[in-house]
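Here is the structure we will look at.
Chain A is the first sequence line, chain B the second, and so forth, proteins listed ahead of strands; every chain is numbered from 1. Owing to the predicted nature of the structure, the values given are computational and were not obtained by experimental measurement.
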Amino acid sequence: MANVFTMFEHRIKKIIEDSEIYQENGFDLSRVSIESPRDKAHGDLATNAAMVLAKPLKQNPSAIAEKLVLALDDDPDVVSADIAGPGFINLRLTEAFWTNHLDHILSQGDAYGGDATGQGAKVNVEYVSANPTGPMHVGHCRGAVVGDALANLLEFAGFDVTREYYINDAGGQIEVLARSVFLRYREALGEDIGSIPEGLYPGDYLIPLGQELAQKHGAALAEMDESAWLPLIKEASIDAMMDLIRTDLAALGVRHEVFFSERDLHHQTGDSSAISKAISTLEEKGLVYRGTLPPPKGAVPEDWEDREQLLFRSTDVGDDMDRALMKSNGDFTYFAADVAYFKDKFDRQFTEMIFVLGADHGGYVKRMEALAKAISGGSARATIRLCQLVKLFRDGEPIKMSKRSGEFVTLREVVDEVGRDAVRFMMLYRKNDAPLDFDFAKVTEQSKDNPVFYVQYAHARCHSVLRQAAADMPDLDLDAAADTGLLVDGGELDLVRKMAEFPRIVDSAARTHEPHRIAFYLYELSSQLHAHWNRGRDKPGLRFIHQENAKLTLARLALVKAVSRVIAKGLAIVGADAPVEMR
RNA sequence: GGUCCCGUAGCUCAGUAGGAUAGAGCGUCGGAUUCCUAAUCCGAAGGCCACAGGUUCGAAUCCUGUCGGGAUCACCA
């Protein structure tokens, strides 16, 4: 088993389950856990078993602990089991256990850490889903990176992941886009269009598309009725914008397997659209009615109208208020499409739908959870991860952006300036529900303030050692089996212990949908590597390479290899490169 | 007014399904380089974990309330 923590959790539970008192009564063991003590002096592992069992057994924790310790002492991997504090049992494991674990890490290769958390469960991760009305701006960045890294993480943790992008290509904003493009088209034909009218997209990025259309269609479109050119230009605009977006995403290293079009949900297939069908499904469950919504609490908007609409009784399934399915003009609402889209995912057998959204979608959480409950009857789950805003700075000064004038910092500009790896790492070097300050000056600085370089440097340093060994000891076969039992230094074994945490970190990060834990773990592991490396400065005996001692060198290189692989794997989840040299 | 998120060192933030003496980076101060890469390391100082109650063997973590900051609130997308 790859996970040291679950391994010992099973051993302890086995001891308890084998006991007479358990077999007679049985009791809940779910709270029994293994953790690494905060203070290294307490040993390698600690368990709360005795404290957890005190209540059901109606015994003193220390009395229970004594019995457990007795059994644990028989474990050949355990050097000592001590009772401490309020009833913790601290375990110290043999050096051989840890060096064996190092062998295990190496034998697992790239798969090490990928515990079977997911067990093949189908998960849908939807992220980015930016409107196809222009290039991606920096506001999309965080969600894109968090979503992509989360998908990487879940995949590694054993889930069957589908990465999905929902193209909002059906709403009024597409009409606005098409009209804006039409204007650029006329401009390309030589017409003086003056300034872009209020309400249309002013950005320069539409100019090439206008030119392209002019080249392809000549003046033909301009002579058509609007009802004729509008669909044509819509189609061309959506395609062009999605191309822009895909290029931007590629620059950030973000990919999706499925691009799902909202328009498809509106299309009539047979006698009805996917949306009508989905609404019928809700109807069958008695969750649809015609009625009016109460006005918002507090400040009521001035243009508030009381009107009867087709509504989803989402309050029956946990929402705060019912949701409109149809607008007053008879069109479906955006949410109606969401209903159909969710049903589509559910019909594709996903048991968990994850949505990575911006903080401005906070109001979405309850209605999506309600929707999941209504459509699946409780068998599928909607999980929403909200990403807080990113505030941009340059040398400590906030950067102002104005969407109205079309002046915003694009995702591409950020990637081009600071690099994909740094952008991705920084976006993950924070809990997603905490706001993030992003300073161009600091992120491009290749030093202390910049954890991505710190981690990449650790990886490069490992490879530097391997290169150096090959140069210093040309006769040494670096791939030969190493006797890792020669590793006895505390710093070396600490590195193994740290690597032993990796499967547990992957597991917990996957369960909680918190990819940032990987980034923080990488920083810690890197820190230990750097620290150990520097110990070799003062004490040459601790250096990795000893030309006069091939066996010792091989053992230490094995440790270096393992560290570099774990870092590389973590960086792969983050979505950053693991460079072998940094000059 | 409702809902959601946040409040931890001077600053920016972690805190492992409730655990032992709350951690890291930056900044400050003091050190380490004829050496496998100093983009690194070692040490010191720095805390009423916003506040008040509650739950329990045990709370930064869970519950209630208060204060402070942010997001959001019918037909848009």
Would you measure the distance from the [atom1] atom in [N] across to the matching atom in [M] and give it in whole Å?
N      : M      : atom1 : answer
G69(B) : A20(B) : P     : 33 Å
U28(B) : G46(B) : C1'   : 10 Å
A60(B) : G53(B) : P     : 14 Å
U61(B) : A50(B) : P     : 8 Å
A17(B) : A59(B) : C1'   : 15 Å
G58(B) : G18(B) : P     : 16 Å
C49(B) : G7(B)  : P     : 14 Å
U33(B) : U40(B) : C1'   : 10 Å

Side chain of [X]: nearest nucleotide among [options]?
X       : options                : answer
K55(A)  : C57(B), C13(B), C36(B) : C57(B)
N131(A) : C13(B), G19(B), A77(B) : A77(B)
R31(A)  : G58(B), A22(B), A74(B) : G58(B)
A46(A)  : A71(B), A20(B), C36(B) : A20(B)
A359(A) : A71(B), C36(B), A20(B) : A71(B)
D360(A) : U72(B), A74(B), U16(B) : U72(B)
Q173(A) : U37(B), A22(B), A77(B) : A77(B)
M51(A)  : A74(B), U12(B), C57(B) : C57(B)
R543(A) : C35(B), U12(B), A14(B) : C35(B)
Q309(A) : U37(B), A20(B), A74(B) : A74(B)

Only one of Q456(A), H530(A), E581(A) clears side chain to side chain donor-acceptor pair (under 3.5 Å) with R461(A); which?
->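 Among the candidates, only H530(A) passes.
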Applying ring pair (Phe, Tyr, Trp, His ring centres under 6.0 Å), name anything that partners F544(A), two or more places apart in sequence or on another chain.
->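 Partners of F544(A) by the ring pair (Phe, Tyr, Trp, His ring centres under 6.0 Å) criterion, ordered by chain and then number, come out as H532(A).
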Can you name the atoms? Protein N/O to nucleotides 41-45 of chain B N/O, anything below 3.5 Å, with the distance.
| unit_1 | atom_1 | unit_2 | atom_2 | d |
| --- | --- | --- | --- | --- |
| C41(B) | OP1 | Y454(A) | OH | 2.3 |
| C41(B) | O4' | N534(A) | ND2 | 3.0 |

So what does [X] touch, heavy atoms closer than 4.0 Å: a base, only the sugar-phosphate, or nothing?
X       : answer
Y364(A) : base
N90(A)  : base
L293(A) : sugar-phosphate
R38(A)  : sugar-phosphate

In terms of side-chain geometry, is the basic nitrogen of D494(A) or K498(A) positioned less than 4.0 Å from the acidic oxygen of its partner?
->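 Between K498(A) and D494(A) there is no salt bridge, as every charged N stays at least 4.0 Å from the carboxylate O atoms.
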Do the rings of [X] and [Y] sit parallel, tilted or perpendicular, given the 30° and 60° boundaries?
X       : Y       : result
H361(A) : Y364(A) : perpendicular
F355(A) : F342(A) : parallel
F335(A) : F312(A) : parallel

In which ranges does RNA chain B form stems of 3 or more consecutive Watson-Crick or G-U pairs, distances under 3.5 Å?
->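 Stem segments, range with range: B:1-7 with B:67-73, B:10-13 with B:23-26, B:28-32 with B:40-44, B:50-54 with B:62-66.
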Tabulate atom names and distances for all N/O pairs under 3.5 angstrom spanning the protein and nucleotides 4-9 of chain B.
| unit_1 | atom_1 | unit_2 | atom_2 | d |
| --- | --- | --- | --- | --- |
| C5(B) | O2' | D433(A) | O | 3.1 |

Can we call the ring centroids of Y457(A) and F453(A) under 6.0 Å apart?
->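 Ring centroids of Y457(A) and F453(A) are no less than 6.0 Å from each other.
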Between F440(A) and F393(A), does the ring centroid distance fall short of 6.0 Å?
->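 No, the ring centres sit 6.0 Å or more apart.
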Strand contacts (RNA chain B) in residues 327-337 of chain A, 4.0 angstrom heavy-atom criterion |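 By residue number: K327(A), S328(A), T333(A), Y334(A).
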Tell me which residues in residues 80-88 of chain A put a heavy atom below 4.0 Å from RNA chain B, sorted by number, or none.
->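 Hits under 4.0 Å, by residue number: A84(A), P86(A), F88(A).
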I would like to know whether F438(A) and C141(A) meet side chain to side chain contact (heavy atoms under 4.5 Å, CB included); could you show each step before the answer?
-> CA-CA 11 Å; F438(A) 188 94; C141(A) 216; over 6 Å; no
Residues S33(A), F5(A); criterion side chain to side chain contact (heavy atoms under 4.5 Å, CB included); working and verdict | CA-CA 8 Å; S33(A) 69; F5(A) 295 87; over 6 Å; no
Find out whether F502(A) and L525(A) are in side-chain contact, i.e. whether some heavy atom of one side chain is under 4.5 Å from a heavy atom of the other.
->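 When only atoms from C-beta onward are counted, L525(A) and F502(A) do not touch, as no gap falls below 4.5 Å.
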Any chance the side chains of R497(A) and S36(A) put a donor and an acceptor closer than 3.5 Å?
->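 R497(A) vs S36(A): no donor-acceptor pair found between side chains.
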Indicate whether OP1 or OP2 belonging to [N] is found under 4.0 Å from a side-chain N or O atom of [X].
X       : N      : answer
R461(A) : U37(B) : no
H361(A) : U3(B)  : no
R430(A) : C13(B) : yes

